[in-house]
Protein chains: 2
Amino acid sequence: MSKTIRQILGKGNFSINGKLWVEKNGERFFGPGPVELMELIEETGSINKAAKKMKLSYKKAWEIVHNLNSMTAQPLVITATGGENGGGSSISKEARQMINHYHELRKKFKRFMEEETLGLR
Amino acid sequence: MSKTIRQILGKGNFSINGKLWVEKNGERFFGPGPVELMELIEETGSINKAAKKMKLSYKKAWEIVHNLNSMTAQPLVITATGGENGGGSSISKEARQMINHYHELRKKFKRFMEEETLGLR
DNA sequence: TTTCGTTATATATTTAAAGATATAACGATA
DNA sequence: TATCGTTATATCTTTAAATATATAACGAAA
């Protein structure tokens with residue numbers, strides 16, 4: 001007699017989980033990390049502050065920003081050096097639109113995973 | 001006037017990609033790597049040979065096997081030390097069933113990603 | 001022209017993961 | 001009992017990624 005998946009797995013809290021991202025020419029560049037960073041830049045007005053909130057080194061954060069901007073036709077993060085507060089950064093209208101699109105995608109993906117988690121029983 | 005996602009992304013081969021796995025109590029243990037390893041164990045009858053085919057160190061392969069077996073009620077990989085050919089390993093009926101389930105899941109996921117890749121335009 | 005906090009960039013250090021190496025244990029078979 | 005190739009396990013080395021540190025450039029405003 002064949003077993004159900006649940007019988008194979010046994011007791012415990014089992015679930016399907018996963019990650020989604022956007023690739024350009026096979027290289028991933030737009031996923032949960034960059035999205036969180038961009039939203040923190042939007043909120044704080046600074047790569048520096050955003051990095052700190054994410055507990056990321058500034059260098060790493062800057063690399064993500066650089067990568068994002070080099071991959072798209074429209075710049076996603078707009079940076080300014082010098083000036084009133086030493087400079088700062090913001091995200092473009094296009095970035096906001098991409099982020100919204102990503103959140104929608106995430107929602108669908110979440111539903112997908114929840115459904116498949118039920119399928120484990 | 002607001003831009004389309006494609007206008008933001010610009011020229012290039014953009015696609016949605018991702019990963020899926022099974023977690024137990026928040027810890028991932030069953031994903032593409034372990035599945036490939038198990039199928040190679042099924043094919044070769046040995047962790048050692050499977051590891052070599054995957055270009056994985058034996059240690060790493062053994063850790064994956066150990067992890068898999070410690071997470072489920074039914075052992076997925078059956079190992080034997082000593083004996084005719086020095087021992088060997090095989091996968092259980094339950095492992096095969098889990099792998100089939102995972103492949104089905106992967107197929108659905110692939111369709112999901114393909115659909116969402118179309119949504120990028 | 002000095003100050004400010006930021007971006008931009010290079011280099012050194014630390015850390016964690018993977019890989020390499022070595023060896024004991026194992027048990028059927030000759 | 002000696003042999004075999006495997007599993008099982010520990011330890012050392014290598015590698016890659018992230019972090020830490022340092023510094024120049026920047027430009028508005030006082």
Side-chain angles (χ1 to χ4, degrees), chain A residues 19 21 23 26-72 74-92 95, chain B residues 19 21 23 26-72 74-92 95:
Chain A
K19 258 192 173 185
W21 60 83
E23 289 185 358
E27 190 185 353
R28 90 173 72 173
F29 82 99
F30 194 99
V35 166
E36 186 184 351
L37 181 64
M38 279 191 284
E39 293 198 305
L40 286 171
I41 290 173
E42 185 179 40
E43 181 190 322
T44 62
S46 146
I47 295 176
N48 211 1
K49 284 179 191 141
K52 271 170 191 151
K53 283 213 174 188
M54 268 184 84
K55 290 179 181 174
L56 218 66
S57 65
Y58 172 79
K59 190 192 171 198
K60 182 74 189 154
W62 185 85
E63 279 169 359
I64 292 172
V65 166
H66 188 72
N67 194 240
L68 281 167
N69 281 345
S70 72
M71 291 291 206
T72 53
Q74 302 298 321
L76 300 184
V77 179
I78 292 142
T79 65
T81 82
E84 189 161 17
N85 298 310
S89 297
S90 57
I91 69 173
S92 65
Chain B
K19 260 193 171 183
W21 59 83
E23 290 187 358
E27 190 185 351
R28 89 173 72 170
F29 82 101
F30 194 100
V35 165
E36 186 183 352
L37 182 63
M38 281 191 282
E39 294 199 304
L40 286 172
I41 290 172
E42 185 180 39
E43 180 188 321
T44 62
S46 147
I47 295 175
N48 211 0
K49 285 179 191 142
K52 271 171 191 151
K53 282 213 173 189
M54 269 184 82
K55 291 181 180 174
L56 220 64
S57 65
Y58 172 80
K59 190 194 173 198
K60 183 72 190 157
W62 185 85
E63 280 169 359
I64 292 172
V65 166
H66 188 73
N67 194 241
L68 281 167
N69 280 345
S70 72
M71 290 293 206
T72 53
Q74 303 297 322
L76 300 185
V77 179
I78 292 143
T79 65
T81 81
E84 190 163 15
N85 297 311
S89 299
S90 58
I91 70 172
S92 64

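To find a chain, count down the sequence lines: A is the first, B the second, and so on, and within it residues start at 1.
- In this structure, NZ of Lys60(A) is placed 17 Å from C1' of dA8(C), rounded to the nearest angstrom.
- Residue Ile64(A) contributes atom CD1, which lies 13 Å from atom C1' of dT19(D) at whole-angstrom precision.
- Residue Ser46(B) places none of its side-chain N or O atoms closer than 4.0 Å to OP1 or OP2 of dG5(D).
- Separating the CG atom of Asn48(A) from the P atom of dC4(C) is a distance of 17 Å, rounded to the nearest angstrom.
- Taking side-chain N and O atoms only, Thr79(B) has a distance below 4.0 Å to OP1 or OP2 of dA8(D).
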> Between Lys53(B) and Glu43(B), does a salt bridge (Lys or Arg N to Asp or Glu O under 4.0 Å) hold up when you go through it step by step?
Replying inline: CA-CA 11 Å; Lys53(B) 282 213 173 189; Glu43(B) 180 188 321; 3.0 Å; yes
> So Phe30(A) and Thr72(A), side chain to side chain contact (heavy atoms under 4.5 Å, CB included) or not? Walk me through it.
Replying inline: CA-CA 10 Å; Phe30(A) 194 99; Thr72(A) 53; over 6 Å; no
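- Per the geometry, NZ belonging to Lys52(B) stands 14 Å off C1' belonging to dG19(C), to the nearest Å.
- For Lys55(A), no side-chain nitrogen or oxygen approaches OP1 or OP2 of dT19(D) to under 4.0 Å.
- For Glu23(A), the salt bridge (Lys or Arg N to Asp or Glu O under 4.0 Å) criterion is met by no residue, not counting sequence neighbours.
- Toward the 5' end of DNA chain D, the nearer of the two residues His66(B) and Glu63(A), judged by each one's closest nucleotide, is His66(B).
- If you measure from atom CG of Asn67(A) to atom P of dA8(C), you get 14 Å, rounded to the nearest angstrom.
- Atom CE of Met71(B) sits about 10.0 Å away from atom NE2 of His66(B), to the nearest 0.5 Å.
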> What is the per-nucleotide protein-contact pattern of nucleotides 21-30 of chain C, from the 5' end, where B denotes a base atom under 4.0 Å from a protein heavy atom, S denotes such proximity for sugar-phosphate atoms only, and - denotes neither?
Replying inline: -----BBS--
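- Judged purely by atom type and a 3.5 angstrom limit, Asn69(B) uses its side chain to pair as donor or acceptor with the backbone of Leu76(B).
- In terms of phosphate contacts, Trp62(B) brings no side-chain nitrogen or oxygen within less than 4.0 Å of OP1 or OP2 of dT7(D).
- Of the options Met38(B), Glu42(B), Glu36(B), a side chain to side chain contact (heavy atoms under 4.5 Å, CB included) to Leu40(B) is made by Glu36(B) and by none of the others.
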